[in-house]
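Here the structure comes first, spelled out in structure tokens, and everything after it is commentary.
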Amino acid sequence: MTKVSKILIVEDESSIRRVLKKILEEESSSYQVDVAEDGEEGLEKIKAEDYDLVISDIKMPKMDGEELLVAAKKLKPETVFVMISGHGDLETAVTTMRLGAFDYISKPPDLNRLLTTVRNGLDTSKLVVENTILKKKVNKKYDIIGESTPIVRIKEMIEKVAQTEARVLITGSNGTGKELVAHQLHLQSKRAAQPFIEVNCAAIPSELIESELFGHVKGAFTSAVKDRPGKFELANSGTIFLDEIGDMSMPAQAKVLRALQENMITRVGAEKDVKVDVRVLAATNKDLKKEIAEGRFREDLYHRLAVILIEVPCLNDRRDDIPLLLAHFVKQIANEQGTVAKVFTEEAIQLLKEYDWTGNIRELRNVVERLIILGGKEISKEDVELFANK
């Protein structure tokens with residue numbers, strides 16, 4: 001079945017409005033074409049309906065095309081706009097492109113040019129919608145599951161802090177979900193549409209960490225065969241997440257401190273500084289105050305990073321969330337494996353709530369996957385006793 005493409009024509013001249021509507025409806029039976037006499041009426045229709053494409057005149061009474069474009073993009077950023085411009089409106093048409101219009105067509109519109117632009121605009125609209133759906137699916141991956149008091153507090157803190165530029169240090173044991181907090185801080189921030197670059201400081205050898213973070217120039221060391229940007233440059237205008245920062249070497253810590261103080265980095269082997277605009281989030285499973293006392297972490301860097309502290313609780317401190325986490329993991333694993341989601345009995349859930357979860361959320365997910373593979377159609381208390389390996 002062919003998908004209907006919804007098109008809105010916003011044009012104050014009734015003759016042009018009728019002609020455009022007729023041309024588009026004759027071009028394809030899959031085009032559903034609505035009309036509006038001015039920008040104000042057009043905006044009301046955009047509020048009430050999701051259009052794949054809006055064709056708007058620029059010069060109109062009440063609200064012109066530029067004002068309509070700006071207002072509509074605030075409401076529905078994914079809406080694709082094609083502007084119609086008279087000869088004297090050409091400069092304004094170019095301005096609307098900068099404001100997010102897909103294209104503009106001069107009056108009187110050339111038929112072939114109009115239809116080609118509409119087809120291309122609808123293709124773009126389809127891609128934008130698909131991309132939006134994909135982003136929502138990806139973002140859902142980073143949802144923080146739970147309604148316990150500690151988790152509600154963390155969600156409230158994220159909501160308050162995300163919109164600011166404050167640096168955040170996230171602490172907690174391995175497997176508690178520190179990276180989820182970092183992702184939520186980014187996704188709820190003004191930088192959400194910009195890069196989120198994650199660096200696992202514990203996984204990079206100390207001799208390579210500076211190159212990884214700040215990049216290098218050709219010839220800086222034996223294997224540096226070409227210039228390469230580092231993670232700070234890749235995260236420019238977005239967010240960099242320094243995971244396990246407690247494992248970073250002291251020389252690298254000094255350079256990170258400079259980047260935070262001056263918003264400048266220097267590639268390994270280079271003399272020229274590079275300006276960066278990056279929000280820094282960091283996480284660790286270590287007691288950094290203890291690391292400072294033992295000379296393994298810079299106190300000045302700690303204070304730069306820990307403007308806001310968020311401590312992620314262990315699973316043992318939020319046992320009431322286990323039923324919700326089980327339901328989440330069951331659905332997630334069933335989708336991944338293409339199988340029917342299994343159900344846990346109340347006795348099985350109660351037993352899992354009583355276990356000592358030293359590996360936290362990560363361990364719980366592994367156990368759920370094991371039970372789904374090895375357990376019966378309904379996961380019983382006996383299945384948990386047999387396969388949970390606790």
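Using a 4.0 Å cut-off between charged nitrogen and carboxylate oxygen, D321 and R318 count as a salt-bridge pair. Ion pairing between E291 and R296 holds under the 4.0 Å rule for side-chain N and carboxylate O. Between D103 and R113 there is a salt bridge, since a side-chain N of the basic residue sits under 4.0 Å from a carboxylate O of the acidic one. The pair E11-K59 does not meet the salt-bridge criterion, since no charged nitrogen lies less than 4.0 angstrom from a carboxylate oxygen. Checked for salt-bridge contact, E369 and R365 meet the test: a charged N lies under 4.0 Å from a carboxylate O. Between K62 and D12 there is no salt bridge, since none of the side-chain N atoms of the basic residue sits less than 4.0 Å from a carboxylate O of the acidic one. Using a cut-off of 4.0 Å between Lys/Arg side-chain N and Asp/Glu carboxylate O, E49 and K6 are scored as salt-bridged. Under a 4.0 Å N-O distance rule, the pair E156/R153 does not qualify as a salt bridge. Using a cut-off of 4.0 Å between Lys/Arg side-chain N and Asp/Glu carboxylate O, D273 and R258 are scored as salt-bridged. Residues E159 and K155 are not paired through a salt bridge, judged by the lack of any N-O separation under 4.0 Å between the basic side chain and the carboxylate. Between D34 and K21 there is no salt bridge, since no side-chain nitrogen of the basic residue lies less than 4.0 Å from a carboxylate oxygen of the acidic one. Between R267 and E233 there is a salt bridge, since a side-chain N of the basic residue sits under 4.0 Å from a carboxylate O of the acidic one.
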Report task. I would like to know whether K231 and E212 meet salt bridge (charged side-chain N to carboxylate O under 4.0 Å, His left out); could you show each step before the answer? Result -> CA-CA 6 Å; K231 301 295 189 185; E212 189 72 18; 3.4 Å; yes
Report task. Take D277 and N236 through the side chain to side chain donor-acceptor pair (under 3.5 Å) test and state the conclusion after the steps. Result -> CA-CA 5 Å; D277 170 25; N236 196 36; over 6 Å; no
Report task. Kindly determine whether F81 and T96 satisfy side-chain contact (heavy atoms from CB on, under 4.5 Å), including the steps that lead there. Result -> CA-CA 9 Å; F81 265 76; T96 61; over 6 Å; no
Query raised in the report: Can you check salt bridge (charged side-chain N to carboxylate O under 4.0 Å, His left out) on D247 and K286, steps first, answer last?
Result: CA-CA 9 Å; D247 293 276; K286 292 187 174 181; 3.2 Å; yes
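A donor-acceptor contact shorter than 3.5 Å links the side chain of K45 to the backbone of V35. Under the 3.5 Å distance criterion, the side-chain polar atoms of Q184 are matched with a main-chain donor or acceptor of Y142. A donor-acceptor contact shorter than 3.5 Å links the side chain of T164 to the backbone of V161. Between the side chain of S125 and the backbone N or O of G121, no donor-acceptor pair lies under 3.5 Å. No donor-acceptor distance shorter than 3.5 angstrom exists from the side chain of Q350 to the backbone of E346, with no hydrogens or angles considered. Although no hydrogens or angles enter the test, the distance criterion places a donor-acceptor pair under 3.5 Å between the side chain of R279 and the main chain of A166. D143 places no side-chain N or O within donor-acceptor distance of the main-chain N or O of I145, the cut-off being under 3.5 Å. In terms of modelled atom types and a separation under 3.5 Å, the side chain of K190 and the main chain of E165 share no donor-acceptor contact. Using modelled atom types, no side-chain atom of N360 and backbone atom of C314 make a donor-acceptor pair closer than 3.5 Å. R17 contributes no side-chain N or O that, together with a main-chain N or O of I9, makes up a donor-acceptor pair within less than 3.5 Å.
When all heavy atoms of I265 and A259 are compared, the closest pair comes out as CG2-CB, 3.7 Å. Of all heavy-atom pairs spanning R319 and Y355, the tightest one is NH1-O, 2.5 Å.
Linking Ile, Leu, Val, Met, Phe, Trp and Tyr residues whenever their side-chain heavy atoms come within less than 4.5 Å leaves V343 and F329 in two separate clusters. Hydrophobic clustering, with ILVMFWY side chains joined whenever heavy atoms are under 4.5 angstrom apart, groups V33 together with L111. Hydrophobic clustering (side-chain heavy atoms under 4.5 Å, transitive across Ile, Leu, Val, Met, Phe, Trp, Tyr) keeps M264 apart from V217. Tracing side-chain contacts under 4.5 Å through hydrophobic residues (I, L, V, M, F, W, Y), one reaches L213 starting from V278; they form part of the same cluster.
Residues D383 and S380 have side chains that bring a donor and an acceptor to within less than 3.5 angstrom of each other.
Counting non-hydrogen atoms of neighbouring residues, nucleotides and ligands closer than 6.0 angstrom, the NZ atom of K76 exceeds 12 such neighbours. Within a 6.0 Å radius of CD in E147, no more than 12 heavy atoms belonging to other residues, nucleotides or ligands are found. The local environment of CD in E271 is sparse, with at most 12 non-hydrogen atoms from other residues, nucleotides or ligands closer than 6.0 Å. Residue-environment remark: NZ (K353) exceeds the threshold of 12 foreign heavy atoms within 6.0 Å.
Using a 4.5 Å heavy-atom cutoff, the side chains of E40 and P61 are not in contact.
Between atom CD of residue E66 and atom OG1 of residue T95 there is a gap of 6.0 Å, rounded to the nearest 0.5 Å.
When hydrophobic residues (I, L, V, M, F, W, Y) are linked wherever their side-chain heavy atoms come within less than 4.5 Å, the members clustered with V268 are F221.
With ring centers used as reference points, F214 lies under 6.0 Å from F232.
Taking D300 as the reference, R298 meet the salt bridge (Lys or Arg N to Asp or Glu O under 4.0 Å) condition, with sequence neighbours excluded.
Checking D356, I322, T358 one by one against L315, the side-chain contact (heavy atoms from CB on, under 4.5 Å) holds for a single residue, I322.
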